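Here's the structure we're looking at; comments come further down.
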Amino acid sequence: MANSENGWPLVVEAQLEPLAWLPNNARLLAGPVAQVLGYVARQFAARVEPITSTSSFRPKATIGSGSTYSNHASGTALDMNGGRHPQGSKDTFTDPQVGAIRQILAECSGVLRWGGDYAMPITDEMHFEIRPGATAAQVAAAAAALTTNTPNPEEDMPLNDADKSWMTGEVHRVVLEILRAPEFQLNDIPARVLAAKVSDDTGTLAQTVRDARQIARRTEIAVQNLSS
Ligand SMILES: [Zn+2]
């Protein structure tokens, strides 16, 4: 079986894994290769620019008019936004974008090569691939490291105004639901007054949290009163 330029064997459709969230029916060699290049694509979309087009598996594609098989033919290469970063063009990314790309590549344990780093004559800034010499074991280790080291993005994301307003709404909703429960509908005037205050409150999340704490304390007292 012939190999592509990076030494990985040519593959057929059945060996590929779809990256369904990407445009243009993106698919790569199933397993660690798809995991690592899939990571690159997700990070690229989050940290470099949105992905509007891709090119991935191209059966038996060759490099230029030569007889060397392209890494696209082994399912180990992914092009992103080719229209904006065409083959042969240089400096199609800004410096901060290049910085982000280098950081993403570094996170993949050195198993990748970026077409922007190709020696002349032909740069290929849309193109990311498994680098020549990277073994299956090294790519598997890189994929495993990504799984262990990648923080859940939701844990690190600062709250924006929309999040805060959603959370405030949720706190109001839950608090009101609790206060409307039958056991508080009877003669629990303080709770009802508080419910009205919370529902009118357009203040900050911190204020809502303070209100919720106060309600929780009063609710505790009310429950004690009910059960005594
Ligand atoms: Zn390419």
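Computed from a predicted structure; not experimentally measured. The figures here come from the full heavy-atom set of this structure, side chains too, leaving out hydrogens, waters and symmetry mates.
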Original post:
How far does NE2 of His127 sit from CE of Met80, to the nearest 0.5 angstrom?
Top reply: 10.5 Å

**OP:** Look only at the side chain of Trp8 and the backbone of Ala136, and say whether a donor-acceptor pair between them is shorter than 3.5 Å.
**Re:** no

Subject >> Beyond-backbone contact of Pro132 with Arg113, side-chain heavy atoms, under 4.5 angstrom >> reply: yes

Original post:
Do Ile130 and Tyr39 share a hydrophobic cluster (ILVMFWY, side-chain heavy atoms under 4.5 Å, transitive)?
Top reply: yes

Original post:
Can you name the closest pair of heavy atoms from Gly75 and Val11 and give their distance?
Top reply: N-CG2, 3.9 Å

Result block: side-chain N/O donor-acceptor pairs under 3.5 angstrom for residues 18-35, not counting sequence neighbours:
residue : atom : partner : partner atom : Å
Asn24   : OD1  : Thr54   : N            : 2.8
Arg27   : NE   : Glu13   : OE1          : 3.0
Arg27   : NE   : Glu13   : OE2          : 3.4
Arg27   : NH1  : Asn25   : O            : 3.1
Arg27   : NH2  : Glu13   : OE2          : 2.7

**OP:** Could you pull out the closest heavy-atom pair between Ala77 and Leu37, with the gap in Å?
**Re:** N-CD1, 4.0 Å

Original post:
Quick check: does any side chain N or O of Glu129 sit under 3.5 Å from a backbone N or O of Gly115, one acting as donor and the other as acceptor?
Top reply: no

Original post:
Within the side chain of Asn71, is there an N or O that forms a donor-acceptor pair under 3.5 Å with the backbone of Asn6?
Top reply: yes

Subject >> Where Cys108 and Ala142 come nearest, the two heavy atoms and their spacing >> reply: O-CB, 3.6 Å

Original post:
Are side-chain heavy atoms of Asn3 and Pro9 found at a separation under 4.5 Å?
Top reply: yes

Original post:
Do His85 and Glu49 get their side chains close enough for a donor-acceptor pair, meaning under 3.5 Å?
Top reply: yes

Original post:
Taking side chain as C-beta onward, heavy atoms only, is Phe93 less than 4.5 Å from Arg84?
Top reply: no

Subject >> Minimum-distance pair of heavy atoms, taken over all atoms of Ile122 and Gln87 >> reply: CG2-CG, 3.4 Å

**OP:** State plainly whether one hydrophobic cluster holds both Val48 and Ile51, where clusters connect Ile, Leu, Val, Met, Phe, Trp and Tyr through side-chain heavy atoms under 4.5 angstrom apart.
**Re:** yes

Original post:
Do Val40 and Leu16 belong to the same hydrophobic cluster, where Ile, Leu, Val, Met, Phe, Trp and Tyr are linked whenever their side-chain heavy atoms lie under 4.5 Å apart, directly or via other members?
Top reply: yes

Original post:
Would you say His72's side chain and Phe57's backbone share a donor-acceptor pair under 3.5 angstrom?
Top reply: no

Original post:
Checking Thr123 side chain against Ser89 main chain: does a donor-acceptor pair fall under 3.5 Å?
Top reply: yes

Original post:
Would you say Val12 and Pro59 make side-chain contact, with heavy atoms under 4.5 Å?
Top reply: no

Original post:
Is there a chain of hydrophobic side chains (I, L, V, M, F, W, Y, each step under 4.5 Å between heavy atoms) that links Met126 to Trp114?
Top reply: no

Original post:
Does the side chain to side chain contact (heavy atoms under 4.5 Å, CB included) test come out yes or no for Leu112 and Phe128, once each step is laid out?
Top reply: CA-CA 7 Å; Leu112 298 179; Phe128 295 80; 5.7 Å; no

Original post:
Is any NZ, NE, NH1 or NH2 atom of the basic residue among Arg58 and Asp79 found under 4.0 Å from an Asp or Glu carboxylate oxygen of the other?
Top reply: yes

